[in-house]
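Written out below as structure tokens is the structure these notes cover.
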Amino acid sequence: MIEIKDLSLRAGEFRLDHLSFTIQSGQYAVLMGKTGRGKTTILEAICGLRRVEAGQILIHGQEVTDWLPADREVGYVPQDLALFPTFTVRGHLEFALRLRKWSQTRIDRRTDELAHQLGIQHLLDRKIVGLSGGESQRVALGRALSFYPSVLLLDEPLSALDADTRNEMQELLKSLTELHDVTTLHITHNQEEAKALADCSYTLVISSLNPS
Amino acid sequence: MNNRDRKSTTASEASDSPSQQARGERRRRTDVSFFIVMGGISSCFILLIVLLLLADLRFASLAEFKAALFKPEIQFAFQLTILSCTVAALLSIWVATPLGYLLSRYRFPGRTLIDTIVDIPIVLPPLVLGLSLLILFHQPFFGWEIEAWMRDTVGFPITYRWPAVVLAQFSVACAFAVRTMRVTFDQIDPRAEEVARTLGCTRGQAFLQIAFPQAWRGMIAATTIAWARALGEFGPILVFAGATRMRTEVLSTTVFLELSIGNLDAAVAVSLLMVAMAVLVLVVLRLLGTGLTS
């Protein structure tokens with residue numbers, strides 16, 4: 001469950017005040033709104049990369065407003081993916097698990113499982129340079145889901161993909177989030193995408209969220 | 001100029017409509033004058049440098065070059081130069097990596113001030129830097145003096161010994177290394193480090209595991225640049241370490257000492273040796289292809 005209570009944020013010139021909404025556990029929520037309304041800023045605040053001015057962020061009832069990003073156990077797939085240039089695909093899937101000091105056998109098992117679910121077994125030992133848009137997207141998704149986060153944040157994950165790949169990824173997102181039983185917040189400005197994926201959707205109008 | 005004049009005349013004679021004129025004849029604009037002017041001005045500088053090197057080469061004979069390089073004083077200076085430059089360069093990269101990273105990634109109060117302080121050794125006249133080092137080490141602070149403390153308590157005097165050479169070289173070389181490392185980290189996308197932090201990294205782990213492995217080219221470039229700056233260092237060494245033969249003499253000091261006793265041949269021979277070392281450094285930088293050489 002993600003609860004945002006009376007949140008105020010500022011990013012340069014832009015500001016967002018008194019934002020409140022709740023996403024129930026296991027729900028797939030889609031957040032829509034025009035460019036420049038601060039959708040990305042909200043995601044960054046939830047995963048701890050942006051300081052909030054006022055208000056509270058609760059994940060599964062626990063207030064995490066002033067926690068470090070590392071402590072929040074939130075899977076984040078940014079719009080630019082931000083893959084690690086020096087890592088292999090396997091390295092991406094293992095990264096969070098190594099930080100959590102999992103045993104090598106457990107890591108291997110999890111990596112194989114994820115690669116199978118994402119359909120990227122054949123890419124495991126490749127560097128990320130030269131991966132296609134869809135493949136990179138899968139790697140970023142796998143990296144975010146690897147450590148069984150309770151919350152998954154997706155920032156326009158399908159916007160840079162061609163129509164075929166987008167439909168494929170849409171299916172994959174649906175099945176993977178159900179499989180992992182993860183509470184998901186997905187940002188997009190594509191109506192169809194929202195319709196296909198969302199259990200509930202919100203539209204960001206200036207400084208408030210209207211259930212739509 | 002001529003071309004343009006001719007073109008405009010033809011155009012006005014043929015027709016007022018540019019589209020009709022375009023259909024009728026081949027266009028005659030040319031970029032030749034652009035390349036002649038720009039290339040001409042640029043080549044003045046290139047020519048100057050090439051002529052400098054050629055003049056040095058022509059002046060020195062191979063026999064004198066060999067004779068100079070076999071002098072024990074110059075051999076000592078060569079060894080001390082290689083060693084002191086290497087130590088100064090390694091110290092520089094050790095400092096420049098964290099400092100460059102902080103300056104590149106964070107906006108904090110006093111950042112502009114720190115940025116300016118880093119540049120001071122680059123713009124400070126070399127002799128002034130040497131003098132400042134000398135004063136710092138011999139100035140008593142409430143009866144406590146760095147040099148006396150290093151000599152009597154630590155047992156490691158600095159001034160007029162080889163550590164002074166390294167410190168003088170480090171003061172300038174490090175400033176250049178910090179610049180290079182800052183550019184290096186500016187070119188590395190910070191987003192990957194941010195995502196790493198959501199995956200469970202502290203800032204330290206994100207730096208070591210994500211940013212650091214991407215920065216190795218920049219680090220080699222920074223070390224090389226620091227090494228080259230240390231090689232050319234002269235003023236601060238002269239003031240802070242002195243120019244004692246077989247003690248604090250580095251190659252740049254050798255050129256000065258040989259010149260001062262009128263031994264022009266040896267001075268040129270040593271200069272050529274330094275040119276060769278500098279060229280080697282440039283080649284290493286080019287091979288790394290970091291784009292940081294400009």
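Letters go in sequence order (proteins before strands), and every chain restarts at 1.
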- Message: Taking CZ in A:Arg51 as the centre, count heavy atoms belonging to other residues, nucleotides or ligands within less than 6.0 Å. Is the count above 12?
- Response: no

- Task: Let me know if A:Leu153 has heavy atoms under 4.5 Å from chain B in its side chain, its backbone, both or neither.
- Result: neither

- Task: Give a yes or no on this: more than 12 heavy atoms of other residues, nucleotides or ligands lie within 6.0 Å of atom CZ of B:Arg191.
- Result: yes

- Item | Shortest non-hydrogen contact between B:Ala192 and A:Phe84, atoms and distance | O-CE2, 3.2 Å

- Message: I need the B:Leu199 CG to A:Leu99 CG distance, nearest 0.5 Å.
- Response: 7.5 Å

- Under 4.5 Å between any side-chain heavy atoms of A:Leu49 and B:Thr198, yes or no? yes

- Item | Greater than 12 external heavy atoms within 6.0 Å of B:Phe45's CZ | no

- Message: Could you check whether any side-chain heavy atom of B:Phe212 comes within less than 4.5 Å of a side-chain heavy atom of A:Thr86, counting everything from C-beta outward?
- Response: no

- Item | Nearest-0.5 Å distance that lies between atom CZ in A:Phe87 and atom CD in B:Gln209 | 6.0 Å

- Message: Please rank A:Glu44, A:Arg100, A:Arg72 by heavy-atom pairs under 4.5 Å with chain B and give me the top one.
- Response: A:Arg100

- Task: Would you check if B:Asp189 and A:Asp80 make a side-chain contact, meaning some heavy-atom pair closer than 4.5 Å?
- Result: yes

- Query: Checking B:Ala206 against chain A: side chain, backbone, both or neither under 4.5 Å from a heavy atom?
  - Reply: neither

- Task: Give a yes or no on this: more than 12 heavy atoms of other residues, nucleotides or ligands lie within 6.0 Å of atom CZ of B:Arg229.
- Result: no

- Message: Below 4.5 Å, heavy-atom pairs only: which of B:Pro190, B:Gly200, B:Pro213 has the largest tally toward chain A?
- Response: B:Gly200

- Message: With chain A as the partner, which of B:Glu194, B:Arg203, B:Glu193, B:Gln205 has the greatest number of non-hydrogen pairs under 4.5 Å?
- Response: B:Glu194

- Message: Is it true that, when you exclude A:His116 itself, more than 12 heavy atoms of the residues, nucleotides or ligands shown sit nearer than 6.0 Å to its NE2?
- Response: no

- Where is the tightest heavy-atom contact between A:Ala70 and B:Cys201, given as atom of each residue plus distance? CB-O, 3.3 Å

